[in-house]
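As structure tokens, the structure follows; a few thoughts come after it.
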Amino acid sequence: GIIMIMKTLKAIAASLVMATSASAAVTYDDVSHTLKVTGTTTTAQVNAAFMQMHEHDVLTVELAGPGGEYYAGLALGKMIQREGATVLIRENTECVSACAFAALGGEKIVVDGLLKFHVPFMTYVPTNATILEVAQRFGLGYLDMPMYLADVGVTINFANVLMKETSHCKFFVVDDEAEIAKLKDIEAPNQRVSIQHTILDTCR
């Protein structure tokens, strides 16, 4: 009955994953008050970051990684926002997908490397899930995107842009902090903002 459906939805939720896999590392530097969060975005990584933020006064969060769990990325972004930290994407590094969403939590976002955004997607679908359950899961993932953007002070119109321009293999790439800053420099929560970007298509 309902418990089975809930379990199925939880399993589908767990499979709402972004980009590829690599090991995650979370390290804190006392001197610069910098928290370095690298590798795959996972619940474990975000928990480790939470512990560091709980214990230390984090001024800068250095982010790099290939992506990972969508909701872990949103949770990390909200934590960064609560901390009031600056996000740094170092030169010659990439912050992709779930990592890029997390970066939007920064009070200021310094982009010396690349931010690559795309819509969330599922890597697998449980065989016992109905089409409706799968559609609802996607729907929730997509609805949570503008809600998160509004939470971190980014125009929710950015969600529309990503829905239109990206896919699991098509990325919205930003390499300029002045362009990312435009997403937060808004009068209305749904303001249309055009930011300079490139589209990286790896689908072929």
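We use all heavy atoms of the structure for the numbers below, so side chains are in, but hydrogens, waters and symmetry mates are not. Just so you know, these numbers come straight off a predicted model, no measurement behind them.
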Should Gln45 and Val26 count as side-chain neighbours, where that means a heavy-atom distance under 4.5 Å? yes

- Report yes if the side chains of Leu115 and Ile180 come closer than 4.5 Å at any heavy-atom pair, otherwise no. yes

**Message:** Hydrophobic clustering (ILVMFWY, side-chain heavy atoms < 4.5 Å, transitive) - are Val154 and Leu88 grouped together?
**Reply:** no

Do Thr38 side-chain atoms and Ala64 backbone N/O form a donor-acceptor pair below 3.5 Å? no

Output for pair (Ile199 CD1, Thr166 OG1), nearest 0.5 Å, gives 7.5 Å

Can you get from Met147 to Leu162 by hopping between Ile, Leu, Val, Met, Phe, Trp and Tyr side chains that sit under 4.5 Å apart? no

Between the NE2 atom in His54 and the CG atom in Asn47, the distance rounded to the nearest 0.5 Å is 13.0 Å

Interatomic distance, CD@Glu91 vs CG@Leu114, rounded to 0.5 Å, equals 10.5 Å

Rounded to the nearest 0.5 Å, the CZ atom of Arg82 sits from the CD atom of Glu107 at a distance of 14.0 Å

Self-check item: Side-chain donor/acceptor of Glu83 to backbone N/O of Asp57, under 3.5 Å
Solution: no

Note, Asn157 side chain near Val193 side chain (heavy atom, < 4.5 Å): no

Heavy-atom closest pair (Val119 atom, Ser167 atom, distance to 0.1 Å) is CG2-CA, 4.0 Å

On a heavy-atom basis, the closest approach of Glu133 and Asn128 is OE1-O, 4.2 Å

Kindly say whether Thr43 contributes a backbone atom to a donor-acceptor pair with the side chain of Glu69 at under 3.5 angstrom? yes

task = Kindly work out whether a path of hydrophobic side-chain contacts (I/L/V/M/F/W/Y, heavy atoms less than 4.5 Å apart) joins Ile109 to Leu59.
result = no

Separation between CG (Leu149) and CG (Asn160), nearest 0.5 Å, reads 9.5 Å

Checking Lys36, Glu55, His33, Gln52 against Tyr28 for side chain to side chain donor-acceptor pair (under 3.5 Å), the one that qualifies is His33

So Leu76 and Leu63, side chain to side chain contact (heavy atoms under 4.5 Å, CB included) or not? Walk me through it.
-> CA-CA 11 Å; Leu76 181 58; Leu63 290 178; 4.1 Å; yes

### Query
With a 4.5 Å heavy-atom cut-off, do Met145 and Phe158 have their side chains touching?
no

Problem - Transitive ILVMFWY side-chain link Met163 to Leu143, under 4.5 Å - result: no

Point to revise | Side-chain heavy-atom pair Phe117, Val161 within 4.5 angstrom cut-off | key: no

What one should report as the nearest heavy-atom pair of Ser97 and Pro66 is CB-O, 4.5 Å

When Val152, Thr86, Val87 are each screened for side-chain contact (heavy atoms from CB on, under 4.5 Å) with Ile80, the one that passes is Val87

Only residue of Phe171, Phe101, Tyr70 satisfying ring-ring contact (aromatic ring centres under 6.0 Å, His included) with His118 is Phe171

So side-chain hydrogen bond (donor to acceptor under 3.5 Å, both in side chains) across residues 168-190, not counting sequence neighbours, yields Glu179-Lys182

For Ala98 and Gly68 the tightest heavy-atom approach is CB-N, 3.8 Å

Thr155 side chain to Gln191 main-chain N or O, any donor-acceptor pair under 3.5 Å?
yes

Value for CG (Leu200) from NZ (Lys116), rounded to nearest 0.5 Å, stands at 5.0 Å

query = Shared ILVMFWY cluster between Val110 and Val37, side chains joined below 4.5 angstrom?
reply = no

TODO: Might you confirm whether atom CD1 of Ile131 has over 12 heavy atoms from other residues, nucleotides or ligands at distances under 6.0 Å?
DONE: no

Checklist entry - For atom CD of Glu165, is the number of surrounding heavy atoms from other residues, nucleotides or ligands below 6.0 Å larger than 12? => result yes

